[in-house]
Amino acid sequence: MTTTRNWRTLHDGVSSSARILIVDDDPEIRDTLQRLVTSAGWTAQTAAGAEAADMFLSSGSFDVCLLDMELPGMSGPEFLPWALTRDPMLAVIMVTGLNDTKLALETMGCGARTYLVKPVSAPFLIHAIKDALALRNVMIERNQGWQV
């Protein structure tokens, strides 16, 4: 007998031990996002750019990445596909000051879960992270079912 789950049960059942990578070149925004993520009970690691984020992704696993669009060296849209080749289950949420529908659709077409425009309210960001974690859990569960 299969148990039917709805989105609310998936959303409410996300892990409190999730690891979140925050990639933003603005130190104030990084600190604010880190405080918000840790106050929700998750672990947060911050990076000022793609190079530092690359080091963290190479040395450990993360459940969600909050990724800014404008970064030094490599932009968020350039880093996104690279990060997803490193970990296809990584839930990437673009968090940016650029209110650009075309860019939002491009990044979501490349694998971002969603596109949030700064400033983002704390409850909305927490909800977006829970959604990304729930979808990630479903993808992992489904992929495990596909393994032979």
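Quick caveat: nothing in here was measured; it's all calculated off a predicted structure. Note that the numbering runs from 1 along the sequence shown for the chain.
Across all their heavy atoms, Arg113 and Ala132 have their closest contact at CG-CB, 4.3 Å. Taking all atoms of both residues into account, the shortest heavy-atom contact from Gly73 to Glu78 is O-OE1, 4.4 Å. Residues Ala53 and Val23 approach most closely at CB-CG2, 3.7 Å, considering heavy atoms. Nearest heavy-atom pair across Leu103 and Pro77 is CD1-CG, 4.4 Å. In terms of heavy atoms, Cys110 sits closest to Leu80 at CB-CD2, 3.8 Å.
Tested against Ile29 for a side chain to side chain contact (heavy atoms under 4.5 Å, CB included), the candidates Asp31, Asp25, Leu33 yield a single pass: Leu33. For the side chain to side chain contact (heavy atoms under 4.5 Å, CB included) with Ile20, the qualifying choice from Ile129, Thr38, Ile93 is Ile129, the only one to do so.
Thr46 places none of its side-chain heavy atoms less than 4.5 Å from the side chain of Phe56. Looking at heavy atoms from C-beta onward, Leu133 lies in side-chain contact with Trp42 at the 4.5 angstrom threshold. At least one side-chain heavy atom of Arg86 sits under 4.5 Å from a side-chain heavy atom of Trp82. Using a 4.5 Å cut-off on side-chain heavy atoms (C-beta onward), Thr96 and Thr107 make no contact. Counting only heavy atoms from C-beta outward, the side chains of Asp24 and Leu66 never approach each other to under 4.5 Å. Using a 4.5 Å heavy-atom cutoff, the side chains of Leu84 and Val92 are in contact. Residues Tyr115 and Met69 meet the side-chain proximity criterion, which asks for heavy atoms closer than 4.5 Å. In this structure the side chain of Arg136 never reaches within 4.5 angstrom of the side chain of Val64, judged on heavy atoms.
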TODO: Using the side-chain contact (heavy atoms from CB on, under 4.5 Å) rule, take Val37 and Ile22 through it: C-alpha gap first, then chi angles, then the decisive distance, then the call.
DONE: CA-CA 9 Å; Val37 164; Ile22 301 163; 4.2 Å; yes
Passes side-chain contact (heavy atoms from CB on, under 4.5 Å), Asp87 versus Phe62? Steps please.
CA-CA 9 Å; Asp87 180 0; Phe62 291 87; 6.0 Å; no
Practice task
Report the C-alpha distance between Ser61 and Met89 in whole Å, list the side-chain angles of each, state the deciding distance to 0.1 Å, and finish with yes or no for side-chain contact (heavy atoms from CB on, under 4.5 Å).
Solution key: CA-CA 10 Å; Ser61 65; Met89 296 297 125; over 6 Å; no
Task: Test log, rule side-chain contact (heavy atoms from CB on, under 4.5 Å), inputs Leu36 and Thr32 - done: CA-CA 6 Å; Leu36 177 62; Thr32 299; 5.6 Å; no
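Although no hydrogens or angles enter the test, the distance criterion places no donor-acceptor pair under 3.5 Å between the side chain of Ser75 and the main chain of Leu71. Arg19 places no side-chain N or O within donor-acceptor distance of the main-chain N or O of Asp63, the cut-off being under 3.5 Å.
Residues Val117 and Leu98 share a hydrophobic cluster, clusters being chains of Ile/Leu/Val/Met/Phe/Trp/Tyr side chains in contact below 4.5 Å. Hydrophobic cluster membership differs between Leu116 and Met108, with clusters built from Ile, Leu, Val, Met, Phe, Trp and Tyr side chains linked at under 4.5 angstrom.
Taken to the nearest 0.5 Å, the CG atom of Asp100 stands 11.5 Å off from the CE atom of Met94. How far CD of Gln34 is from OG1 of Thr43: 10.0 Å, rounded to the nearest 0.5 Å.
A salt bridge links Asp68 with Lys118; the closest basic N to acidic carboxylate O contact falls under 4.0 Å.
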